[in-house]
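What follows is a short report on a single structure.
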Number of protein chains: 2
Amino acid sequence: MTHRDNIINLAEKPVARGPVAGAEADLRAEQKPKKYAHKKLLAIEAAAKVFAEKGFHGATTQDIAKEMGIQQGSLYYYFKSREQALQEVCEYGFDVYVERMKKICVKDQPFEAKMMAIITSHLTNYSHKDSAMKVHNEQRLYLPVERRSRIKELGTNYRRLLEATLTEGINAGVLRADIDTHFIAYSIIGICNSWGANLIRDDSLNLFETIEQCSDLILYGTLCKNV
Amino acid sequence: MTHRDNIINLAEKPVARGPVAGAEADLRAEQKPKKYAHKKLLAIEAAAKVFAEKGFHGATTQDIAKEMGIQQGSLYYYFKSREQALQEVCEYGFDVYVERMKKICVKDQPFEAKMMAIITSHLTNYSHKDSAMKVHNEQRLYLPVERRSRIKELGTNYRRLLEATLTEGINAGVLRADIDTHFIAYSIIGICNSWGANLIRDDSLNLFETIEQCSDLILYGTLCKNV
DNA sequence: GGAATTTTCTATAGATCTATAGAAAAATAT
DNA sequence: ATATTTTTCTATAGATCTATAGAAAATTCC
């Protein structure tokens with residue numbers, strides 16, 4: 001079995017769905033109401049924005065409700081609790097995100113291009129999904145473990161895809177054979193998260209320049225080639 | 001003026017002390033009491049630990065007092081407010097830290113060794129100063145701007161030292177001439193903070209291996225040299 | 001030992017904030 | 001038009017949590 005097979009297997013294994021421990025699926029969303037599903041999304045986005053700004057513990061249900069333009073008490077029509085709101089924000093978009101990552105990893109293209117696509121995907125997520133990704137990175141550990149299983153699962157999937165891609169790069173002779181794929185995967189995620197947070201904070205930063213610089217650093221390092 | 005001169009100048013300019021806006025120096029600590037100064041340090045460390053675990057907004061004065069083994073109300077003997085405790089935790093150790101950085105940057109040694117020393121210093125800080133550095137990284141933005149001036153100043157000093165060292169590396173022909181020192185400096189800090197947080201969380205991680213791997217990634221990147 | 005000073009304790013006012021209950025309003029269906 | 005369902009509102013109990021005040025205990029000084 002080749003490493004490409006490995007990646008394809010990982011990529012095609014459907015993400016486990018259905019009730020995960022502590023997930024408490026939103027019954028309303030799966031049933032009749034029409035308007036509900038849409039407004040629930042708005043609620044998640046409002047929560048994401050507020051959590052991103054004030055942190056989980058610093059954000060009140062009042063704040064989130066205000067962001068949505070409804071009364072504090074009404075928020076409980078969409079979330080059973082403030083904690084559940086955090087959970088849903090953390091999970092929001094991560095699904096899509098991991099799926100996108102799978103497509104990138106499976107695609108047959110030069111390693112450098114793949115790395116750039118991965119970084120682009122990671123950083124673009126910060127600017128598109130608004131604040132959900134930032135909240136995921138910074139606040140998820142405030143969730144009790146029971147609520148984190150799905151998030152952890154998605155994160156592990158993501159990291160494994162990255163590691164497999166790195167291994168593939170080594171086998172293809174593109175990457176150094178002596179790197180630790182686990183370490184490098186974590187580092188890439190670390191750099192991306194760090195710049196992702198900067199991108200959100202600082203409007204003057206250019207997304208595409210940042211992507212290029214990140215790729216460049218990870219691939220080529222900083223030492224002069226002539227030495 | 002050479003770049004080395006630049007660094008030396010930076011390194012020898014004494015860190016601005018005295019009352020910074022919003023700093024509200026702890027009068028008690030500067031006056032007579034003997035036991036006070038010592039126990040105040042314990043208070044800062046207790047606060048650091050609790051803030052690191054629960055986040056600023058998630059940590060109560062009760063939690064901090066309990067960590068110190070005193071009553072909730074007694075905590076106010078050491079801090080005027082919970083917010084001031086956060087400020088002091090964020091500043092704690094950073095002084096020493098920047099001083100250490102200056103010494104490293106000024107010292108005449110091969111660039112690779114310097115980079116390793118810088119990373120060692122940054123990561124060691126995480127394991128020694130317990131949680132203060134983590135709190136600084138994750139929670140300082142919850143402080144109102146008035147309380148952040150000193151912290152910002154120290155951070156800028158630190159980053160400038162790093163940038164100057166990188167520039168020096170370029171001029172010495174060791175580093176690629178086309179890197180953006182500002183970008184690389186931020187990235188180094190990002191990687192270190194990301195691994196620093198991992199080190200605190202995961203006991204099984206080896207500090208020295210992590211240091212070597214970080215240096216290696218930043219200097220050499222991941223691409224195979226033969227390509 | 002007794003006075004002065006430092007440190008800690010107890011108790012609490014006043015200000016949140018979450019989550020719920022039940023009424024009201026809006027939307028949809030019949 | 002009326003009944004049914006969905007969505008929002010108001011009001012509030014009950015549970016925090018911060019910060020202060022003043023008494024008590026511990027320590028230091030003479």
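Per chain, numbering begins at 1; letters A, B, ... match sequence-line order. In what follows, every heavy atom counts, from backbone to side chain, and hydrogens, waters and symmetry copies are set aside. Because the structure is a prediction, the values reported are computed rather than measured.
- Sorted by first then second residue, the salt bridge (charged side-chain N to carboxylate O under 4.0 Å, His left out) pairs that include residues 51-73 of chain A, not counting sequence neighbours, are A/K49-A/E67, A/K54-A/D63.
- For B/F56, the ring pair (Phe, Tyr, Trp, His ring centres under 6.0 Å) partners two or more places apart in sequence, or in a different chain, are B/F51.
- For A/H122, the ring pair (Phe, Tyr, Trp, His ring centres under 6.0 Å) partners at least two apart in sequence or on another chain are A/Y97, A/Y158.
- Residues passing the ring pair (Phe, Tyr, Trp, His ring centres under 6.0 Å) test with B/Y142, sequence neighbours excluded: B/H57.
- Partners of A/D203 according to the side-chain contact (heavy atoms from CB on, under 4.5 Å) rule, which considers only residues two or more places apart in sequence or in another chain, do not exist here.
- The terminal axes of the helix from C/dG1-D/dC30 to C/dT30-D/dA1, fitted over 5 pairs per end, subtend an angle of 10° to the nearest 10°.
- A/K40 has its NZ atom 12 Å from the P atom of D/dT7, to the nearest Å.
- Atom OH of A/Y77 is separated from atom C1' of C/dA26 by 12 Å (rounded to the nearest Å).
- Atom-to-atom, CD of A/Q62 to P of C/dT18 comes out at 9 Å; the value is rounded to the nearest Å.
- One can place CD of B/Q71 at 5 Å from P of C/dC9, the figure rounded to the nearest angstrom.
- Between A/Y78 and the phosphate of D/dT8, there is a side-chain N or O to OP1/OP2 separation shorter than 4.0 Å.
- Between B/I64 atom CD1 and D/dC17 atom C1' there is a gap of 12 Å when expressed in whole angstrom units.
- Following rounding to the nearest Å, A/I70 (CD1) and C/dA25 (P) show an atom-to-atom distance of 18 Å.
- The aromatic rings of B/H136 and B/F94 sit perpendicular, their planes meeting at an angle over 60°, well past the 30° parallel limit.
- The CD atom of B/Q84 sits 15 Å away from the P atom of D/dT18 (whole-angstrom rounding).
- Under the ring pair (Phe, Tyr, Trp, His ring centres under 6.0 Å) criterion, A/F79 pairs with no residue at all, not counting sequence neighbours.
- Separating the NE2 atom of A/H57 from the P atom of D/dT16 is a distance of 15 Å, rounded to the nearest angstrom.
- Residues passing the side-chain contact (heavy atoms from CB on, under 4.5 Å) test with A/D216, sequence neighbours excluded: A/Y220, B/R176.
- Of the candidates C/dT18, D/dT7, C/dT7, C/dT7 carries the atom nearest the B/Y36 side chain, counting heavy atoms from C-beta on.
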Sub-3.5 Å pairs of nitrogen or oxygen atoms, protein against nucleotides 19-25 of chain D:
unit_1, atom_1, unit_2, atom_2, d
D/dA19, OP2, B/Y76, OH, 2.8
D/dA19, OP2, B/R82, N, 3.1
D/dA19, N7, B/Q72, NE2, 3.2
D/dA19, N6, B/Q72, OE1, 3.0

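- The side-chain heavy atoms of A/S131 and A/Y126, taken from C-beta on, include no pair separated by under 4.5 Å.
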